[in-house]
Every structure is written in C-alpha cells, then in structure tokens.
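When a ligand or atom number is given, it counts from 1 through the structure's own listing order.
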Amino acid sequence: MKPQDLIRKKGRFSMELSAEEIEAFIVGVCDGSWSNAQISAMLMAMFIRGLTQNEQKALVRAMIYSGETLDLSDIDLPKVDKHSTGGVGDKTSLIIAPLASACGLAVPMISGRGLGHTGGTLDKLESIKGYNVNLTKSQIHETIKKCGFALAGQTENLVPADKKLYALRDETATIESLPLIVASIMSKKLAENLDALVLDVKTGDGAFMSDFQDAARLAQAMVETGKDFGVKTIALITDMNQPLGRFVGNRLEVYECLKIMRCETDSLMKSTLDLSIQLTARLLVLSNAVKDLDEAINICHKKIEDGSALEKFRLNIQLQGGDSSICDETEKFLHEDKILKVPVRSNEAGFVNQILTREIGEAICEIGGGRRQAKDKIDHAVGFECLKKIGDKVEVGEELGIIYCRNDSQALKISNRIRNAYKINAEQPLLENLVKAEIF
Ligand code: URA
C-alpha cells in the first residue's frame, strides 16, 4: 500500500479507509517508511475529513499495538485508571491513585507532563525529592504489586506511534481534531489493559475544551471508544471555570493533596477532595468492587479518614525512590525552597463573579511554574494560593490570593495579571456545580 494512495483516498476523495489501510499508516509512522510529509498530509486529511466509527476504532487499535502493552493479569485485582483532559490546580490523580488502591483496586496510572497553562502529574511528583517517574514496564508492574499503584511517565515502548504523531500534529496545526485527540488519549489508556476507566473531561475557561458542547462530544467519543475495546468507561464533565482547590503550582499541589490525605482539608481545598472522591467512587462501582455510588462515596471518605490513602501514598513514595517524610513533615516540605509570598489584593469591593482561570495558569507558567515547550525546565516551588473563589465576598484591599515566587520582579510581573483575572461585581453570582454531567 503506497502512502500516496491512502492519502489520496482519505484526503482528496473522502473515502473510508479500511482497518488494514489504517494499520499500514501506523506501521509506516513507526518504521519510518512514511516520510514526515506523508504522515502530516494524512493527519491533515483526517483532521479535515474526520473519521468514521470504524476508522476511529481501527486507528486506536493500530496505535495501541504500535508498541508494548501492560500485562497485569497476575495481579488479582480490578485494574482501573482515571484520565483528566487537564486544568489549573487539577491535582486529583495524586489522591485518586492511593485512595483507589486503599479501596482494593490496582491503578497503573501512566501520566503526562504539563504544557502551557495546564499542569501535569509527573511534574507535581517531581517536586518530591528523589521521586522517580521514569519507571520501566517491569518496575511499574512491581510497584503496583507492592502498593497497588504506580505513577509513571509513558515508557519508551508504550504507544510509540503517539509520540511521533503528537509532535507532527503540533507542527501542522492538527492538535484540535476530535478523532485524533480520542485516538491519542484512548490508545495510551487502553494499552494499560484496564477493566474500568473514568474520564474527567474539563470544561470552562481553564480547560482544553472551554465550550461545554465540545467537551460533551469529546467525552462521548472517548466513552464509546473505551466500550468498543471492552473497558467499562464513563466520563464526568467537570467545572474548570476556577482553579480546583486552594493551590496552583507543582509543590503546592502535592502539599494540598497531603493535607487532604492527612484529614486537614479546609474549605478552600474541599473541591479537590470532593472531585477526587466522586471520580474514585465511580471507579469502585464500574469495576464492580462496590454496588452503588453512595456506598462507594462512603468507603472513599472512610479510607481518607482512617489514614489508609496516606499510608498507600507513603509506601508508593518509598517504592519510587522519594522522600516519604513529607507525609509527616508536610509544612517543612512546603517550605523546602526559599520562596517569597506576595499577596495580590483587590482594588474593588463586591463578589467574585468570574476567575479567568487560564490567565492564572498562564501567569504561573510565566514565572516558571509551567512550560511553554516540552523541553522547558520548570520551577516546582512557584505557584498561586487561591484565597477567594467564585461567589466569595471581597473588600477593597483584601487578599484575593498569594503568589509564591522567587523574587520581587516575578511578583511584579504577574500581580496585575492575576488581579485582573478576578472579575468582581456587586451581585453575588449563582454557583456552578463541580460535576456538570455524566456520560455513560
Ligand atoms: N492529550 C493527549 O494525550 N493527546 C491529545 O491529542 C490531546 C491531549
């Protein structure tokens, strides 16, 4: 099968490609027999023409088997995972993995790094001294056997097709294609050989898909794909119109999760706890570990309250080479680096009506808390403490939040940006639900 023929068929004639033709495309991506020009032309053809359900399934299958998959069949527990489409202050993975494993599930959580205004689980974990996210396939396996979960980056050989395709999509303006996003995300999750998967599809200003209908379409397509491959899959569409919880920034977010697992959750952290529990409880129900959702929610609360989730996290940190004393000396962990705390004060009185969440994420990125390009280094210590949330009353001069930074010039650089991200009006707004919809 010549690349030109397949590109012509899909791109110029808009005809459906067979499963064999799609497989030939992915084989060509991986063995170098398709040039970057040909791969890019096919990506643009797929972007413009879209994919039929059969093509979508064939693409996901070909990508999954472009490399090795995880085989956890010797672990006699339901295998589950959660995937989030990414947001600001979105740190639930750090709670869900230990909590789900404390509830008797096995979680091979292959995670990503942050890009742009959104954070990534691997970067957060690397704020823990010594923590190794670069595990081999067999280290992932061993870690799950010993503590019920592993938090690691994609191995060299897991869905190698995605690495190549993603880089070319970035260069050819074909990232924002629903079927290509579905194939990219779902191939990586399905290569974990799961029993159940819960997707957290963010919507709102700080999300990848800001529009609710777009988020719902993405959620539906990913759920269908999961089911096509025999994995019980649901999606929650959740609010990203304000940062999740109290903190934004890598170390700060680990700190918040430790506080929650130490049962020291305050009102500003509550949304992080609530969403973590909503997502974990669905994993328990989907994997048939627990019959109904209310019971699953109760079990999750108990496993936080009795310290089991924290103990799982402690063991995981030790197994992955990190300093687990942070579970006890949590305040010391927060202040490990020399950091300046600079308040951002309101110029207005009223109620917080809106928080431009992407702006907050971008501002933290600007002082080194995130990366613009995949190769950028990040500063784990910087971030933002979000003291006022939507609906809160604010007086002139009151603190909206606190910037954690290295020096005054960083604070100066982003103070106004953060202040201006808060929209304050005389009227108190209606509060939005954290979980906006559930897609089965
Ligand atoms: N995340 C991914 O892993 N792939 C995409 O295409 C988009 C978001």
Numbering the atoms of ligand 1 from 1, which are under 4.0 Å from a heavy atom of Lys188? 2 (C), 3 (O)
Check whether the side chains of Thr52 and Glu16 place a donor and an acceptor atom closer than 3.5 Å, and report yes or no. yes
Write out the residue and atom name of the closest protein heavy atom to atom 4 (N) of ligand 1, then the distance separating them to 0.1 Å. Ser184 OG, 2.6 Å
Under 3.5 Å side-chain donor-acceptor pair for Asn157 and Thr155: no
Polar side chain donor-acceptor pair, Lys375 to Gln373, under 3.5 angstrom: yes
Considering only heavy atoms from C-beta outward, does the side chain of Trp34 approach that of Val27 to under 4.5 Å? no
What protein heavy atom lies closest to atom 1 (N) of ligand 1? Include the residue and the distance to one decimal. Ile185 CG1, 3.8 Å
